[in-house]
Amino acid sequence: MSAAHASSTPNNRRPLVPTSGSRGRSWFRRLGLLLGAVLLVAAIIFVARQHDVLARSFSAIRQPSAPHLFLLVACVLGNVVLTALMFSVLMSRYGKVRLIEMQALIGAATLLNFLPLRPGLFGRIAYHKTINHIPAADTAKTIGQAIALSIAVAGCLALCLVVAAQFQLTLWVVLALPFAFLASGTMVGTIRIWALAGLIRYVEVFIWAARYYAAFALLDYSISIEAALAFACISMIATLVPFFSNGLGLREWAIGLAAPLLTVAYQLEHGLTAELVNRAGELIVVLIAGLLGLAYLTHLRRTSRAE
């Protein structure tokens, strides 16, 4: 290293001045958060102006179906647990992270990602580097791999729905084929981790579908299995769109616009209302899981310092 370079970056550290690229990404994140908030508020205002739908929704929610309410809450929690399990599998190639630690980390990160600039995402990278001694680049790889798996699984399920409808095949038989393929892949050493992570994400889409079934049912609406799975695929893709915090705002309109295409009886306002119910249940569960996760990680950090 030259003397000039050593003096400009003491202790081999990079300058703290943000680059133009990082400033640009930060600006896009702020824009995404603002746009998501605008879309969410617009969805609430649109639903509020649909007086008939709103009256029926309030009537159903005042006396919610206990089984459907439990199903919605359990499925949101199931999504958090399965996401953490998938990341545990992907991360196992780069370092050791205990299962309960990953559960706490994903719960905390999911909560923090609702804040501006998605601090949960960058917090996870920093945590793994500091606590688990896993390089930031490796953690970033697992995030990219999870996104790729999500897109592949959502695309596969969408294709299964189209094939079953086009050729008049039994839906569950068609859906069982990818499951069997991924399950068999877990026994092959070279693709075991990929197959296991894909299998977890595949199961998670069905948890998403159950969430939509429960959200619509809480409003006294009934949707088919095919529609619930299609909503799940749309929701998963919408959540992955960069710069939107957990798909906030974007997911509501995606489900609303898809409702008249995937169902016979329901229109934009029905889909928006169901997604707002789904989002409310998600926020409550994620808030509790995230706070518990933050508390556990704080305790873990204090314990490691004491040791």
(request) Using modelled atom types only, decide if a donor and an acceptor are shared between the side chain of Ser224 and the backbone of Ala227 within a distance under 3.5 Å. (result) yes
(message) Run the side chain to side chain donor-acceptor pair (under 3.5 Å) test on Ser235 and Arg211 for me, step by step, so that the C-alpha distance in whole Å, both residues' side-chain angles and the decisive distance to 0.1 Å come before the verdict.
(response) CA-CA 11 Å; Ser235 185; Arg211 277 175 64 174; over 6 Å; no
(request) Evaluate side-chain contact (heavy atoms from CB on, under 4.5 Å) for Leu169 paired with Val163, printing each intermediate quantity in order. (result) CA-CA 8 Å; Leu169 301 174; Val163 169; 4.0 Å; yes
(request) Rounded to the nearest 0.5 Å, what's the gap from CG on Leu250 to CD1 on Ile234? Could you check? (result) 11.0 Å
(request) Indicate yes or no for a side-chain donor-acceptor contact from Tyr296 to the backbone of Ile100 under 3.5 Å, with no hydrogens or angles considered. (result) no
(request) Examine Tyr127 and Leu292 and state if one hydrophobic cluster contains both, with Ile, Leu, Val, Met, Phe, Trp and Tyr joined whenever side-chain heavy atoms are less than 4.5 Å apart. (result) no
(request) Write down the atom of Ile125, the atom of Ala136, and the distance for their closest heavy-atom approach. (result) CG2-CB, 3.5 Å
(request) Please report the shortest heavy-atom distance between Leu72 and Leu218, naming the atom on each side. (result) CD2-CD1, 3.8 Å
(request) Please round to the nearest 0.5 Å and tell me the distance separating atom CG of Leu85 and atom CD1 of Ile106. (result) 10.5 Å
(request) Would you mind reporting whether Trp172 and Ile225 have side-chain heavy atoms less than 4.5 Å apart? (result) yes
(message) Do Leu276 and Val41 land in one hydrophobic cluster if side-chain heavy atoms of ILVMFWY residues count as linked below 4.5 Å?
(response) no
(request) Check whether any side-chain heavy atom of Trp194 sits under 4.5 Å from a side-chain heavy atom of Gln145, and report yes or no. (result) yes
(request) Determine whether Pro178 and Tyr202 make a side-chain contact, defined as any pair of heavy atoms from C-beta on separated by less than 4.5 Å. (result) yes
(request) Report yes or no: do Ile147 and Leu90 belong to one cluster of Ile/Leu/Val/Met/Phe/Trp/Tyr joined by side chain heavy-atom distances under 4.5 Å? (result) yes
(request) Would you give the length of the straight line joining atom CZ of Arg124 to atom CG of Leu112, rounded to the nearest 0.5 angstrom? (result) 11.5 Å
(message) Using side-chain heavy atoms (C-beta onward) and a distance below 4.5 Å, is Arg201 in contact with Thr83?
(response) yes
(request) List the steps, then state whether ring pair (Phe, Tyr, Trp, His ring centres under 6.0 Å) holds for Phe216 with Phe231. (result) CA-CA 11 Å; Phe216 275 87; Phe231 282 134; 5.3 Å; yes
(message) Is the shortest side-chain heavy-atom distance between Ser92 and Ile193 below 4.5 Å?
(response) yes
(message) Would you say Thr139 and Tyr94 are linked by a side-chain donor-acceptor pair, where the criterion is simply a distance under 3.5 Å?
(response) no
(request) Output the distance between atom CD1 (Ile237) and atom OG (Ser150), rounded to the nearest 0.5 Å. (result) 7.0 Å
(request) Kindly give the heavy-atom pair with the smallest separation between Ala259 and Gly271, and that separation in Å. (result) CB-CA, 3.8 Å
(request) Search all heavy atoms of Ala215 against all heavy atoms of Asn278 and return the closest pair with its distance. (result) CB-CB, 4.0 Å
(message) Tell me whether His270 contacts the main-chain N or O of Gln267 through its side chain, where contact means a donor paired with an acceptor under 3.5 Å.
(response) yes
(message) Do Tyr212 and Leu229 have side chains that approach each other closer than 4.5 Å (heavy atoms only, starting at C-beta)?
(response) no
(request) Indicate the atoms forming the closest heavy-atom contact of Ala146 with Phe87, along with that distance. (result) CB-CZ, 3.6 Å
(message) Quick one: does any side-chain atom of Glu226 pair with a main-chain N or O of Leu161 as donor and acceptor, under 3.5 Å?
(response) no
(message) I need the Tyr221 OH to Leu219 CG distance, nearest 0.5 Å.
(response) 5.5 Å
(message) Could you check whether any side-chain N or O of Asn79 sits under 3.5 Å from a backbone N or O of Ile207, counting only pairs where one atom can act as donor and the other as acceptor?
(response) no
(message) So, taking the atom named CG in Leu297 and the one named CZ in Arg302, what distance separates them when rounded to the nearest 0.5 Å?
(response) 12.0 Å
(request) Could you tell me whether Arg192 atom CZ has more than 12 heavy atoms of other residues or ligands within 6.0 Å of it? (result) no
(message) Tell me the closest heavy-atom pair linking Gly293 and Ala108, and the distance in Å.
(response) C-CB, 4.3 Å
(message) Looking at Lys96 and Glu101, is any side-chain nitrogen of the basic one under 4.0 Å from a carboxylate oxygen of the acidic one?
(response) no
(request) Given side-chain contact (heavy atoms from CB on, under 4.5 Å), test Val97 with Ile134 step by step and report yes or no. (result) CA-CA 10 Å; Val97 184; Ile134 298 173; 3.9 Å; yes
(request) Side-chain contact test, heavy atoms from C-beta onward, threshold under 4.5 Å: evaluate it for Met91 versus Asn132 and give yes or no. (result) no
(request) Would you kindly confirm whether Phe206 and Phe179 end up in one hydrophobic cluster when ILVMFWY residues are joined by side chain heavy atoms under 4.5 Å apart? (result) yes
(request) Go through Arg49 and Glu269 one step at a time and tell me if the salt bridge (charged side-chain N to carboxylate O under 4.0 Å, His left out) criterion holds. (result) CA-CA 9 Å; Arg49 296 183 66 179; Glu269 55 270 24; over 6 Å; no
(request) Kindly indicate, with the supporting measurements, whether the criterion side-chain contact (heavy atoms from CB on, under 4.5 Å) is fulfilled by Arg279 and Leu248. (result) CA-CA 9 Å; Arg279 180 72 78 177; Leu248 194 66; 3.8 Å; yes
Would you be so kind as to tabulate the donor-acceptor pairs closer than 3.5 Å made by side chains of residues 182-189, with sequence neighbours excluded?
{"unit_1": "Ser184", "atom_1": "OG", "unit_2": "Ala180", "atom_2": "O", "d": "3.1"}
{"unit_1": "Ser184", "atom_1": "OG", "unit_2": "Phe181", "atom_2": "O", "d": "2.7"}
{"unit_1": "Thr186", "atom_1": "OG1", "unit_2": "Ala183", "atom_2": "O", "d": "2.5"}

(message) What I'd like to find out is whether the side chain of Val174 reaches to under 4.5 Å of the side chain of Phe167, using heavy atoms alone.
(response) no
(message) Donor-acceptor pair, distance only, cut-off 3.5 Å: does the side chain of Glu252 make one with the backbone of Gly249?
(response) yes
(request) Ignoring hydrogens and angles, state whether a donor on the side chain of Arg98 or Ser88 is under 3.5 Å from an acceptor on the partner side chain. (result) no
(message) Quick check on the hydrophobic clustering: are Ile151 and Leu159 connected, directly or via other members, by side-chain heavy-atom contacts under 4.5 Å?
(response) no
